[in-house]
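First the structure, in the form of structure tokens, and then the observations on it.
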Amino acid sequence: MTFATRTAGACFGLVVGLMVLSPARGDSVDTIDSFEDAMESITRDVVGFLASKNDQSASVSVGSFVGPSPAVSSAGARIVLSLKRRLGSKVELSDAGKFNVTGRFGGETFNKRFKLFIHTEVTDALGSPQHVLRRKLVLDEDETIAFFGPSSLDLEQESDADSKADSSLVLTGVKKSEAVVDSILSPKAHVRNRIARTSKNGELGIELLRKSDSGYESLALESDGKLAKFALNENDVYAVRIHNDRRLPIGVRLSIDGINVFALSQSKDYQGKDVTMALCPCSSSTIKGWHLSDSISAEFKVAHFAETEAIKMGVVESMGTVTARFYDATANAPLPCASCDEKLGTVRSRGFAPSRLGTKRGKEIEMNYATMDVAFGELLGSVSVRYTQTDHPEDLPPES
């Protein structure tokens with residue numbers, strides 16, 4: 001398995017200096033240019049409120065941020081983790097703080113794009129509201145998917161097979177915005193050969209596998225046309241196989257329950273960041289767990305939501321969701337990949353309602369990541385799959 005890992009987008013920086021805002025101005029609604037700027041603004045406002053209370057020793061807990069589509073959205077996870085990171089550098093964070101920061105978010109279409117509203121509330125230890133603030137921002141397409149996560153989205157233009165196989169033709173401008181908005185307002189799921197695809201004929205997708213005594217076995221996916229699902233039970237161990245049938249490399253951001261699979265990494269280069277992996281052309285690779293190092297991962301293990309990694313991070317609304325976002329990738333140097341022509345005709349190796357289940361850290365296993373020198377570009381598509389508990393017990397008595 002050959003992957004490259006790169007952190008995506010801007011780094012999470014610390015606020016230099018402190019702008020103290022009056023609590024009376026906390027509920028103003030200002031349009032913010034980006035998600036990162038919005039998080040910085042909310043952080044400054046919360047810290048300013050705490051400063052106005054003249055209680056520098058007050059501890060703060062960060063609770064959940066709930067969105068309109070808990071089945072697929074990973075936005076709440078992103079907000080919670082970002083606020084914890086920022087507030088943690090300025091105030092004492094605690095699971096039972098003197099003040100609690102929670103909120104909700106929603107959106108609306110705006111000139112073929114999405115406008116996001118983030119409503120944040122600071123309450124005291126008894127839950128009494130003390131401070132309210134709202135921020136709004138117009139999202140780009142990538143952030144729109146991160147927040148409102150369609151079941152499937154394919155931004156590659158329809159073309160003849162030869163041209164699409166050898167070049168990246170991606171929707172841009174108004175057509176791209178329209179496709180993203182339509183995928184959210186009218187979600188669709190596309191399952192082919194047990195793979196959830198970005199579209200009916202999509203070349204990118206994910207497959208789910210359950211670990212058994214004999215190895216990893218592919219799981220059947222169910223679809224109602226809007227959402228793809230697969231069934232797991234508590235204590236099951238599973239993996240995610242990423243498929244790239246294009247003749248070009250791709251970038252992939254994989255999240256479980258709204259948490260990037262590198263969020264638990266022991267490397268400070270990856271911790272808490274939306275890490276992008278690179279995948280060879282005409283290939284599939286299996287992610288067996290949370291990245292700890294480039295040689296060790298912790299298995300994906302299904303657990304009751306109270307035990308999951310998402311709950312430990314204060315995330316509740318994305319439980320039971322596996323999401324992959326795909327990106328164009330350009331090689332800056334020869335890739336350690338077999339050519340697509342060499343792979344033709346071969347069989348790829350077998351790597352093997354709100355959910356009450358989620359994913360926790362399982363036992364450590366060997367899993368090796370390599371390095372590829374690539375640059376990531378345009379968003380190509382996205383796919384989300386929901387996992388649920390089986391409807392029948394596994395250990396039924398034999399029929400008489």
Side-chain angles (χ1 to χ4, degrees), residues 5-21 26 28-49 60 62-67 73-91 93 101-108 110 113-122 133-149 177 180 251 253-255 258-263 265 267-276 313-315 317-318 323 325 327 375-379 382:
T5 52
R6 296 285 180 86
T7 53
C11 293
F12 295 104
L14 299 179
V15 178
V16 178
L18 175 62
M19 181 174 68
V20 178
L21 301 179
S28 63
V29 182
D30 302 316
T31 300
I32 308 295
D33 291 335
S34 71
F35 173 76
E36 297 304 322
D37 289 342
M39 291 296 96
E40 295 286 9
S41 176
I42 292 172
T43 299
R44 288 195 299 266
D45 198 311
V46 171
V47 173
F49 163 74
V60 177
V62 180
S64 62
F65 278 71
V66 181
S73 175
S74 63
R78 193 176 174 194
I79 294 172
V80 170
L81 295 178
S82 182
L83 281 181
K84 282 188 173 182
R85 186 177 306 110
R86 286 171 165 78
L87 286 172
S89 68
K90 304 179 182 305
V91 299
L93 293 184
V101 179
T102 60
R104 55 184 171 81
F105 62 92
E108 65 181 17
F110 173 75
R113 299 178 69 181
F114 264 92
K115 182 182 291 184
L116 174 73
F117 294 87
I118 303 177
H119 176 96
T120 305
E121 186 173 85
V122 182
L133 53 143
R134 294 185 292 273
R135 295 293 183 268
K136 63 181 179 181
L137 59 150
V138 177
L139 302 174
D140 61 25
E141 288 82 3
D142 191 31
E143 287 182 328
T144 297
I145 292 171
F147 273 87
F148 299 102
S177 298
V180 172
R253 294 180 187 174
L254 181 65
S255 62
I259 306 298
N260 189 283
V261 295
F262 284 75
S265 178
S267 169
K268 294 189 180 300
D269 291 335
Y270 302 145
Q271 287 176 2
K273 297 177 182 177
D274 204 6
V275 174
T276 304
M313 295 181 179
V315 178
E317 94 289 348
S318 301
T323 300
R325 285 177 283 159
Y327 300 85
F376 300 119
E378 293 291 331
L379 178 72
S382 176

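Here the structure is a predicted model, which means the values were calculated and not measured.
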(message) Rounded to the nearest 0.5 Å, what separates atom CZ in Arg134 from atom CG in Asp45?
(response) 11.5 Å

(message) I need the Leu93 CG to Lys84 NZ distance, nearest 0.5 Å.
(response) 7.5 Å

(request) State the CG-CD distance between Leu83 and Glu40, to the nearest 0.5 angstrom. (result) 10.0 Å

(message) Going by the rule salt bridge (Lys or Arg N to Asp or Glu O under 4.0 Å), which residues pair with Glu121 if we only count those two or more places apart in sequence or in a different chain?
(response) none

(request) Search all heavy atoms of Ser265 against all heavy atoms of Tyr270 and return the closest pair with its distance. (result) OG-CD1, 3.6 Å

(request) Would you give the length of the straight line joining atom OG1 of Thr120 to atom CZ of Phe105, rounded to the nearest 0.5 angstrom? (result) 11.5 Å

(message) Are the side chains of Arg86 and Glu36 in contact, using a 4.5 Å heavy-atom criterion?
(response) yes

(message) Looking at every heavy atom in both Val80 and Ser64, which two are closest together, and how far apart are they?
(response) CG2-CA, 4.2 Å

(request) Report yes if some heavy atom in the side chain of Phe65 is under 4.5 Å from a heavy atom in the side chain of Val101; otherwise report no. (result) yes

(request) Specify the closest pair of heavy atoms between Val275 and Arg253, including all atoms of both residues, with the distance to one decimal. (result) O-CG, 3.6 Å

(message) Looking at every heavy atom in both Thr323 and Ser382, which two are closest together, and how far apart are they?
(response) CG2-OG, 4.2 Å

(message) Quick one, Leu133 and Phe49 - any side-chain contact, counting heavy atoms below 4.5 Å?
(response) no

(message) Please check this pair: side chain of Thr43 against backbone of Met39, looking for a donor-acceptor N/O pair closer than 3.5 Å.
(response) yes

(message) I need the minimum non-hydrogen distance between Ala38 and Leu137, along with the two atoms involved.
(response) CB-CD2, 4.0 Å

(request) Supply the atom-to-atom distance Leu254 CG to Asp274 CG, rounded to the nearest 0.5 angstrom. (result) 10.5 Å

(message) Is it the case that the side chain of Ser82 and the backbone of Ile79 share a donor-acceptor pair, with hydrogens and angles ignored and the cut-off at 3.5 Å?
(response) no

